[in-house]
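Worksheet: one structure, shown below.
Sequence lines set the chain letters: A, B, ... in the order given, protein chains first and strands last, and positions in each chain run from 1. Nothing here was measured: the structure is a model prediction, and the numbers come from that model.
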There are 2 protein chains.
Amino acid sequence: MQAEDPTNEINFCQACSVRNRAICADLDDHEIELLNKIGRRRRLAPGETLLWEGDEAVFVANVVSGVLKLSTQKSDGREQILGLAYPSDFLGRPFGEVSPYSVEALSESTVCVFQRSDFERFAEEHGRLEHKLLERTLGELDRTRRWMLLLGRMNAEERLATLLLEIASRTVLATCENTGWKVPDEFELPMSRQQIADILGLTIETVSRQFTKFREEGVIEMRGRRDVTIRKRDALEMLAA
Amino acid sequence: MQAEDPTNEINFCQACSVRNRAICADLDDHEIELLNKIGRRRRLAPGETLLWEGDEAVFVANVVSGVLKLSTQKSDGREQILGLAYPSDFLGRPFGEVSPYSVEALSESTVCVFQRSDFERFAEEHGRLEHKLLERTLGELDRTRRWMLLLGRMNAEERLATLLLEIASRTVLATCENTGWKVPDEFELPMSRQQIADILGLTIETVSRQFTKFREEGVIEMRGRRDVTIRKRDALEMLAA
DNA sequence: AGCGAAGCTTGAGGTAAATCAAGTTGTCCG
DNA sequence: CGGACAACTTGATTTACCTCAAGCTTCGCT
């Protein structure tokens, strides 16, 4: 998947690894060609920011590879991560003036970027794209609402269990083509302990202690700081349920 | 606004109080007539449930009057309210099989209900409706994500301040037509203390203590349990910021 | 290899909110 | 109008998580 050349500006849609899963999936060859003309590939290094909260919303984008975070800050600096974006996910705020959150790459990422105005014009002329975007947005709203139960009503243990299962399941969807995949028990965390804390609404110390606890209980195994193996999936699912 | 007859099944769209704000706003007279044929009005008493979490998603609806809550539960019964729906808001999960949350009326409410299958067919044939629904869904996603900052990173005082301001601003949008309105400082809470706790991710006791604190500080004034007057809006805005 | 620094872990102590347990106040209804 | 019940408030105590403060790993770099 990393083999394709992200700098190739000519007809990159044809070879795009998320071509059949992103919002462009239902477009025909002619439409794809038009979309190809208004978009461009962009590579982001870890830590690089694509959109700033409060800034004019100039871009929208599809994630092609990598993982990005959406986040917002309180005036005093407290940060809350609003979600993660995986390959085929859509980024940005069409039909809105300002970006309501920041978007920053967690890992080395490739995105397919459009000027918001270009994209909106295209969408209004091509109902199928707008329909796909609607379906994706409704799905994202469901996912976001489920996260509210975690932030409002779960304890630290339940929160980390839920996140580990979520990352596992999202990782596979991002890695394999849509036949024959299954959710892996081994994966790499795409973010630091502090970022995990900002996702879960906890402090870095509490997150660290929970990792230690899961390790001691044999629920997970770790090689280095970011390589996780789930050993007792049932235990995690019980907590997350 | 309560003067219109909710049981009148003939052409209720024409006289609908949310006609210009709901997703039907951009439809022409012919389209409205078609939509009118597939929808029907339904009145809900406080506490009555329109959709159950996990059930087949048979309905979608527009809120005409009243306030409803969307909520989800953990397996052990802990509840988290995912959001409130005010007049002109859209309810339900188009293009999905199961309802990801429950919808229950908080106050006496009127909704305009469609069979999901009817609605989806109509939407696919009428791009303007789908576009409106997309805009509304994107807005709802933004609002939901902002709430995550509250659940993940705010203390009890900040949470209640934010909710009071939110209810005040949503109440006016629900009450007045779109010219000349301003946000009121006096309003009625449409929910119980326990429901406020379930919105804010707190316990009923903590909510009660915060109300008492705001009253003692002269930030708000209360007549009975549900009538609130904001006396120091600055103070609340400072906390919510 | 070995240094340095950022990232992470661990411990001790403090605190906001939860929990448990009475009281009190509104509200419904005959 | 009064009585009963649910809804709410208040107080005392506990606890999960936060804060502050060291240490310890991991990893990039020369």
Checklist entry - OP1 or OP2 of dT10(D) sitting under 4.0 Å from any side-chain N/O of Arg209(B)? => result no

Next on the checklist: Please classify the nucleic acid contact of Ser208(B) as base, sugar-phosphate, or nothing, using heavy-atom distances under 4.0 Å.
Outcome noted: base

Item to check | Side-chain donor/acceptor of Glu205(A) to base of dC20(D), under 3.5 Å | outcome: yes

Checklist entry - Rounded to whole angstrom units, what separation is found between the CG atom of Asp198(A) and the P atom of dC18(D)? => result 11 Å

Item to check | Distance-minimising heavy-atom pair for Tyr101(B) and Ser71(B) | outcome: CB-O, 3.3 Å

Checklist entry - Taking the side chain of Leu202(B) as its heavy atoms from C-beta onward, which of dC20(C), dT9(D), dA18(C) lies nearest to it? => result dA18(C)

Next on the checklist: Please tell me if Thr206(B) has a side-chain N or O lying less than 4.0 Å from either OP1 or OP2 of dA16(C).
Outcome noted: no

Next on the checklist: Rounded to whole Å, how long is the line connecting atom CZ of Arg193(B) with atom P of dT10(D)?
Outcome noted: 10 Å

Checklist entry - Expressed in angstrom and rounded to an integer, what is the separation of Ile196(B) atom CD1 from dT9(D) atom C1'? => result 14 Å

Checklist entry - So what does Arg225(B) touch, heavy atoms closer than 4.0 Å: a base, only the sugar-phosphate, or nothing? => result base

Checklist entry - Side chains of Thr137(B) and Thr137(A): is there a donor and an acceptor less than 3.5 Å apart? => result no

Item to check | Heavy-atom closest pair, residues Arg93(B) and Pro100(B) | outcome: CB-CD, 3.9 Å

Item to check | Whole angstrom value for the distance that separates P of dA17(C) from CE of Met154(A) | outcome: 21 Å

Checklist entry - Over how many whole Å does the gap from Asn155(B) atom CG to dA18(C) atom P extend? => result 11 Å

Item to check | Nearest-nucleotide 5' precedence on DNA chain D, Arg226(A) against Gly201(A) | outcome: Gly201(A)

Next on the checklist: If I take atom CZ in residue Arg215(B) and atom P in nucleotide dC8(D), what distance separates them, rounded to the nearest angstrom?
Outcome noted: 12 Å

Next on the checklist: Side chain of Thr212(A) only, heavy atoms from C-beta on: which candidate in dT9(C), dT9(D), dT10(C) is closest?
Outcome noted: dT10(C)

Checklist entry - Does Ser192(B) place a side-chain N or O at less than 4.0 Å from the phosphate oxygens OP1/OP2 of dA7(D)? => result no

Item to check | Heavy-atom closest contact (Phe211(B) atom, Ile220(B) atom, distance) | outcome: CD2-CD1, 3.8 Å

Item to check | 5′-ward residue of the pair Met191(A)/Arg153(A) relative to DNA chain C | outcome: Met191(A)

Item to check | Nucleotide dC17(D), atom P - distance to CG of Leu150(A) in whole Å | outcome: 12 Å

Next on the checklist: Distance check needed: dT9(D) P versus Gln210(B) CD, whole Å only.
Outcome noted: 12 Å

Checklist outcome for this item: From the list Lys74(A), Gln195(A), Lys69(A), Gln73(A), side chain to side chain donor-acceptor pair (under 3.5 Å) with Glu79(A) holds only for Lys69(A)

